[in-house]
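Below: one structure, written as structure tokens.
One-based numbering, in listed order, for ligands and for the atoms of each. All residue numbers in this chain count up from 1 along the given sequence.
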Amino acid sequence: MKWISTRDDKKSTGLRDVLLNGLAPDGGLYMPETFPEARVNGVGGLQETAFQMLKPYFGADIPDENLNSIVRDALDFPVPLHRLSDSLFVLELFHGPTLAFKDVGARVMAGLMGHFFEGPSTVTILAATSGDTGSAVASAFLGKPGFRVVLLYPSGKVSPVQEQQLSTFGSNVTTLDVNGTFDDCQRLVKQAFNDRELRNEMRMTSANSINVGRWLPQAVYYLHGFGQLKEMMPGQNPVISVPSGNLGNVAAGLLALRHGLSVEKLVSACNANKVFLEFLSDGEYRPKPSVRTLSNAMDVGNPSNFERIRAMYGNNANSIRADLAAYSHTDDETLRAIRQVYEEHGYIMDPHTAVGYLSLMRYRDGSDSKAPGIVLSTAHPAKFGEVIEKALGFSPGMPPQLASCFERPKQTVQIECDYGALKAAL
Ligand SMILES: *Cc1c(COP(=O)(O)O)cnc(C)c1O
């Protein structure tokens with residue numbers, strides 16, 4: 001498999017460079033030169049599904065045996081389809097070590113990069129995080145020889161639990177608390193990647209969701225969830241609602257459609273940050289500064305995977321609309337949804353998942369859909385205890401993975417929102 005950039009389909013690149021570069025040198029996102037025809041039925045368990053899904057992409061570069069152990073090591077936790085009612089399901093993506101869906105992509109990516117690593121110089125993984133990416137990436141690379149992780153997060157704009165989790169890894173992980181927004185963090189990271197002087201000095205790669213090593217594995221849980229649904233309700237095509245920010249998750253869902261996922265619709269669920277929704281409604285893409293919401297991991301004003309989605313559909317907004325709808329919801333609605341789901345089903349949704357639930361309901365209101373609905377649950381509610389407390393009046397219990405980070409000291413470096421400061425820190 002060769003890889004091309006969304007901005008140049010003439011020049012192709014091999015897998016190793018695609019993984020380690022993250023972003024193509026022309027600033028575009030990597031895409032497979034052609035999408036393999038492979039279809040995966042998703043009924044054989046998560047690791048088996050992952051191997052089948054990824055082999056046509058990576059099989060020529062990574063021996064089967066190695067690919068198999070990469071997915072087995074990375075995806076060693078369950079992704080259950082939890083049934084709330086006859087027609088409502090939650091696909092729980094948060095049973096990995098950092099309790100958010102980003103563990104899936106980050107852990108497979110770390111395994112893939114590890115496969116291609118050749119010493120002696122260290123590879124720096126540089127990433128901006130709106131909360132969950134950072135922990136997932138840090139956890140995936142923690143203590144991995146040959147790698148160090150540098151994370152940037154917007155000061156005061158991630159949840160207290162997220163911050164504690166992010167800043168207590170130590171070892172080969174450095175965390176920078178940036179006096180700015182998530183978009184500022186993303187901009188600084190981009191600037192570092194475009195800095196030739198710096199890149200001559202150190203090998204750097206991005207771990208954001210633009211990396212092919214994260215994008216592809218995320219398609220796996222769609223197929224796995226669909227496989228579980230087929231066993232419970234054979235022959236049904238679900239509506240799948242995806243809490244969306246940087247659009248990596250949705251881009252993976254669109255990829256899964258090419259490999260055997262069959263849906264009535266995918267739904268991109270947005271909070272007040274809704275540039276993607278606006279694009280779907282009038283075909284114009286107008287990036288904006290992000291606004292803060294209770295579902296903070298979705299506070300993105302210029303989603304990086306937008307370019308990839310557009311490229312997958314030949315720049316045609318109408319064909320994107322055929323597969324994907326989008327809705328936007330306020331914080332008040334989010335709090336009400338958490339309450340409603342708890343009252344009706346005794347189930348606690350984190351605020352991102354609650355936005356997903358709201359979009360599913362909005363889609364049903366507008367369509368008389370009878371299809372089973374699946375909400376992707378992107379994080380464990382304990383990561384957002386203060387929001388749950390606000391909605392329900394009590395905090396959800398804290399799983400051991402999370403409780404343990406409160407026993408470790410914070411090790412974060414505060415920097416100004418300025419490229420010079422990042423460069424010095426690097
Ligand atoms: C990152 C994140 C999202 C948004 O996912 P994208 O792939 O960036 O669209 C949603 N929910 C949670 C909990 C997240 O951490």
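Residues N249 and Q218 bring no donor and acceptor atom of their side chains to less than 3.5 Å of each other. Using modelled atom types, one finds a donor on one side chain and an acceptor on the other under 3.5 Å when comparing K383 with Q165.
Contact annotation: the side chain of Q228 never approaches that of L223 to less than 4.5 Å [non-hydrogen atoms, C-beta and beyond].
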Apply ring pair (Phe, Tyr, Trp, His ring centres under 6.0 Å) to the pair F117 and F147, showing each step before the final yes or no. CA-CA 9 Å; F117 174 73; F147 293 91; 5.3 Å; yes
Walk me through it: do E416 and N179 pass the test side chain to side chain donor-acceptor pair (under 3.5 Å)? CA-CA 5 Å; E416 282 308 309; N179 187 10; 3.2 Å; yes
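Annotation: ligand 1 has protein neighbours F101, K102, D132, P243, S244, G245, N246, L247, G248, N249, A297, M298, H352, T378, A379, each with a heavy atom less than 4.0 angstrom from the ligand.
Proximity of the aromatic rings of H380 and F94 is defined here by a centroid distance below 6.0 angstrom, and this criterion is met.
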